Amino acid sequence: MEMGNLVAKVIVDVPAKDTDRTFDYLIPESMRPWIEPGSRVAVPFGKRTVQAFVISVVPAEEPPKYRMRAIQELLDLVPPLSPDLVELGKWISERYACNQIMALQVMIPTALKGKAERYISIAQQHEFTDHLPAADVLNYGSEADTHRAMQPDMRGEPEWALLTDDGMSDPAERQIVSFIQEKEQVPLQQLSRRFPEEAEIIKSLLRRGVLQESQVIKDKLGKKTMKAVDLAIGIEEASAALEQFSAKAQRQREVLAFLLERSEFLPLPLKEVMTSLSVSAATVKALEDKGYAVLEDVEVFRDPYRGRNFKPTKPLPLTEEQQYVYERIIRQLDTREQGAYLLHGVTGSGKTEIYLQTIQRCIEQNRQAIVLVPEIALTPQMVERFKGRFGDQVAVMHSRLSGGERYDEWRKIREGRVKVAIGARSAVFAPFRELGLIIMDEEHETSYKQEETPKYHARDVAVRRAHQHGAVVILGSATPSLESYYAARSQSNDEFAPLLLEMPTRALGNSLPEVHIMDMREELRAGNRSMFSRALHNGIAERLERKEQTVLLLNRRGHSTFVMCRSCGYVAGCPHCDISLTYHQRSNNLRCHYCGYSEPVPQVCPECGSEHIRYFGTGTQRVEEELAKLFPGIRVVRMDVDTTTEKNAHEKLLKQFRDKKADVLLGTQMVAKGLDFPDVTLVGVITADSALNLPDFRAAEKTFQLLTQVAGRAGRHQLPGEVFVQTYTPEHYSVIHASRHDYGSFVREELKHRRNLHYPPYCRLILVTFSHEQLPVLVRLAENYSATLQGRARQRGWFGNMDRLTSDVLDILGPVASPISRIKNRYRFQCMIKWRGNIDAIGLAQQVADEMAESAQAQKLLISLDVDPQMLM
DNA sequence: AGCACGCCGACT
DNA sequence: GTCGGCGTGCTC
C-alpha cells in the first residue's frame, strides 16, 4: 500500500440538506501541487460528475474507513476561492442558515458555475483493464471488490469484444456506432437529436458496454440562459397526439395540452410550466423523451458594458472636519489591525473624497480596497469619480454586465491586476489577497441585504471579512441605519462595534436647503384639488423663469404596473400566487414575478366585460401629464421602471437632464440617490408619507432616509436650494425631523419606539416562513414549530418574554399568514423570532426546522429562515 | 438536485 | 403479466 496519500475534503454542488457536508476524495498524484483550499474540481458523485470546492487537504487515514473515489479534474489553474473565502463561506452558512455550497457559489461569477455535459464514445477495450479503475479508484480492498463496486456493468469480458462489426445484427446499431466512431466523442444531446427514435438502442449499447459515457464539467460563459420548453412537432400533430394520449401519463398530457394552449408564446420558460401545472421537471423530460417536446436553452439577457475615457482627478484639499476623520482612519489603517467606523456625514459633506484618499493610502501600503455602493447608486457618475482618480486600477462589478464581462472584471481582481473593486452587494466577495479597506457607501440601504438564499447582509459580511484580513471598514451615510448607529453609540462589548465619526457640515460651506412641509389636507380645504400644492406650483414656475432645474420625487412603494378594470375594480392576479400580475410593455403581456406565469393583456374585463381596462403604474405618467397641462412647453425627463428598462436608459436620461435639455427630472426612488446637478435648486416630494402606512417597523426610518436623501439633491453648489415636501401627515416625527435635517432627534425618538415595541436594534429578528400545498396541514405544522421552538428555548433557560430585563431572551410570534399568502400554489405562513443575548438562536431555529423536515408527516413542508430580515412584507 | 430502485395501477 | 408513473433513498 502506497503511503502518504492526500485526501481533499470537498463540498459538492448539490444543494440539498443531505449533501451539506464534506465528502472525501483522493488527490491524483499529478494534481497534488495544484489542489488547495478554494480549488474548484470535478468529482464523480454517485452516477454523475459534479462540480465541487476543496475545503481542506488532509493526509489519508490508514487504514481507510470507506471506499474512496478520486478527483476527476481540476477546473482552474488559479483557485477561484482563497482559503479565507472558504472560511467566510462556512461562517455565512451558519450565520444565515443556508447550505455551504450556496454560500460558496455566491462568491464567484456565475460564469464559473459548471454543469456536467455528457459525452458518448466507443468503449475501448484497454480502458476496462487499466485506465478506468486506476484513475478513478484507489484500491484499498481487493481489486475484484473495487471493480464490482465501481463498475458493475463493466466487470469481466466486455460483451462487445465478442462482436465484430458484422456481429451487430441491428443495422440501426451499426449506424449509431459508425456515427460516433467518425467523431470519436459526441455530446449525448446531439446524439439523441440525430437518432430521436433510437433511445432504447443507445441505452442498450451503453448497457452492453459497446458505448461508454463520460461527463465533463463545462463552465457556462457569457450568455445567460434559461431552460424553455417548445413543441417538438407541429400543432396539428400535437393536437392529434393529445387525443390518443396514454391515460397513464396524465401529467404529461396536461403539459402537452398547456403547450398547445399557449402555442403562440412558445417556447415557454420551464419554470412557468412547472409552476402553472404543479408538475416536476421530470414530467416535462418524459414528454421530451417521447419526442413531443424539446427542452432548450434560451438566451435571456445581454448587455455589454463599454469602456470609456475618464477625466483624471487629483485629491482635493480636505476641510478641517474631513482632515480629522481622514487621519483617524489612516491611523487605524497603518496599524494593519481590524477596525470599523461609522462615518455619519450630511449630504454634501464630502464623504466620497474621504473614501478616495483613504483608498489611496491603502494602495500605497500595497493592499487592496473594496467599495460597496447600492446597485441603484452605481451610476456612471459614481464610477467616473473612482476611475478618474485610480484609472485602470479599478474593476467595476455592475449588475448589467454580461456574464462574460463580469467574469473578466472578476479575473482582474483575482489576478491582482487591479487594486480597487467597486460594485454592489456581491463585490464584498472580491477575491483580493491583501485587503486593507472595505468601504460601504449609503450603509443604511436595504439593498445590501440579499433577498434570495444565501440571505446575507453585505454589512455584516464586510465586517467579518475585514476581521479576517486586519482591514478597516468604513460605513458611510447621511442617515445611518439604527442598527449601526446604536452599535456605534452604545459601544457595547461587541468587538465589531464601529466607532462613530461625524461630519455635520457641507464641504463647500453652503448650507443645507430649506425644507417646507406642505399639508395637503389644508390644500384640499382651500379648494386645491391638484396634486401640486400652491407653493410647489409657484416654485416650479419660478425655476422655469430663472432657467434653473427641478427634481420631483414620487414616493411610491412597489414600482410595478398592474391592470385594473375601472368599472368593477377587477385586478388581474396570478392564478397560483396571491399577487397581482405585472404589465410588461415589451412583450405586451402580464406576468407574475414570483412564478413566471404569463398571459396576454385582456381586451375586455374578464369579470364584467367592460372595456375600461387601464394600467396603473408608478403614477409618474400622470404627474407628467399634469405638468404639461399646468406649464405648457415644460421639458420633463421621466425616470421610472417604464423608461429605464432599455440599455443605458438611465445614463441617457441623466445626461439629458445634466445638459439642461430638460427643466424637470421626475421619478421614483431612483432620483433620490447620489445624483449631483449644479443647477437643481428645487426639489419637490409629491407624496412623502405613502410608505408610512406600510406594516413595517422600519417605515418611519425609511421615510426619514428618503426625505433626507432627496433634500440633499438641492443646492449642492453655488445656488441655494429649496425643498417642498407634500404630506398628509405633517405632524409625523419622521417628516418633521427630516425637514430640519435633524438626524439626532429623529434617532432619539425612533429608538424610543423601537425599545418599547421590542424591535431592532434592541433585539434581533429571524423570520421563519413555512409553505405547503395544503392549508390545514401547513397551519398545524407551523404551530408545531412555534411551540417546539419556544419549548426548547425555555429548556435552555432563555426567557420567552421580551419585557424581562435579562439578557438571554427568545420570543416567537405567530404563526400568521404571510403577507403574500400563496406563491406557486403553495400556502405560506410565517413566524417571527425575536431574540437577544449571547445565545445561539439561529442554530436552534435551524435545528428545529431540520427536525421537522425529517418527520414523516411534514413531507412536503418547506421551511426557510431569514436572519435579520429587512423586508417584512 | 439527479438518478436508481421498487411498488402499484392501467393496458395488450 | 408488463409497462411505465411516481415515491424513497443515496451520493466520499
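Excluded from the calculations below are hydrogen atoms, water molecules and symmetry mates; all remaining heavy atoms, backbone and side chain alike, are included. Because the structure is a prediction, the values reported are computed rather than measured. Throughout, protein chains are lettered first and strands after them, A, B, ... in sequence-line order, and every chain is numbered starting at 1.
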Can you give one letter per nucleotide of nucleotides 4-12 of chain B, 5' to 3': B if a protein heavy atom sits under 4.0 Å from the base, S if only from the sugar-phosphate, - if neither?
S------S-
Nearest non-hydrogen partners of A:G46 and A:R69, listed with the distance:
O-NH1, 3.0 Å
A:Q252 side chain, from C-beta outward: closest of C:dC12, B:dA1, C:dG5
C:dG5
Taking the basic N atoms (NZ, or NE/NH1/NH2) and the acidic carboxylate oxygens, is any pair closer than 4.0 Å for A:K455 and A:E451?
no
Closest nucleotide among C:dC6, C:dT11, C:dG5 to the A:T19 side chain:
C:dT11
Considering only side-chain heavy atoms of A:F23, which listed nucleotide, C:dT11, C:dC6, C:dG5, is closest?
C:dT11
Can you tell me how far C1' of C:dC12 sits from CD1 of A:I35, to the nearest Å?
15 Å
How many Å lie between CD on A:Q105 and C1' on B:dA1, as a whole number?
13 Å
Touch check for A:F45, heavy atoms < 4.0 angstrom, all strands: base, sugar-phosphate only, or nothing?
base
Is A:K90 salt-bridged to A:E87, cutoff N-O under 4.0 Å?
no
Nearest-Å distance, CZ (A:R253) to C1' (C:dG4)?
17 Å
Nearest-neighbour nucleotide for the A:A249 side chain, C:dG5, C:dC6, C:dC12 considered
C:dG5
Does the distance from a Lys or Arg side-chain N to an Asp or Glu carboxylate O, for A:K449 and A:D866, drop under 4.0 Å?
yes
Taking the basic N atoms (NZ, or NE/NH1/NH2) and the acidic carboxylate oxygens, is any pair closer than 4.0 Å for A:R95 and A:D868?
yes
Does A:R21 reach a base, just sugar-phosphate, or nothing at all? Heavy atoms under 4.0 Å.
base
Starting at NZ of A:K860 and ending at P of C:dT8, how long is that distance when rounded to a whole Å?
9 Å
What is the separation between atom CD on A:Q215 and atom P on B:dG2, rounded to the nearest whole Å?
11 Å
Specify the separation, in whole Å, of atom CG of A:D18 and atom P of B:dC3.
17 Å
Can you find a pair of side-chain heavy atoms, one from A:F53 and one from A:I101, that are under 4.5 Å apart?
yes
If you count heavy atoms of other groups shown closer than 6.0 angstrom to OH of A:Y827, is the number above 12?
no
Less than 4.5 Å apart, any side-chain heavy atom of A:I863 and any of A:M852?
yes
Side chain of A:D24, heavy atoms from C-beta onward: which of B:dC3, C:dC12, C:dC10 has the nearest atom to it?
C:dC12
A:R67 vs C:dT11: side-chain N/O to OP1/OP2 distance below 4.0 Å:
no
What is the separation between atom NZ on A:K285 and atom P on C:dC6, rounded to the nearest whole Å?
15 Å
Which part of the nucleic acid, if any, lies within contact of A:D13, taking any heavy atom under 4.0 Å across all strands shown: a base, the sugar-phosphate backbone alone, or nothing?
nothing
Is A:R48 near enough to B:dC3 that one of its side-chain N or O atoms lies under 4.0 angstrom from OP1 or OP2?
no
Taken to the nearest whole Å, CD/A:Q100 to C1'/C:dC12 is 15 Å
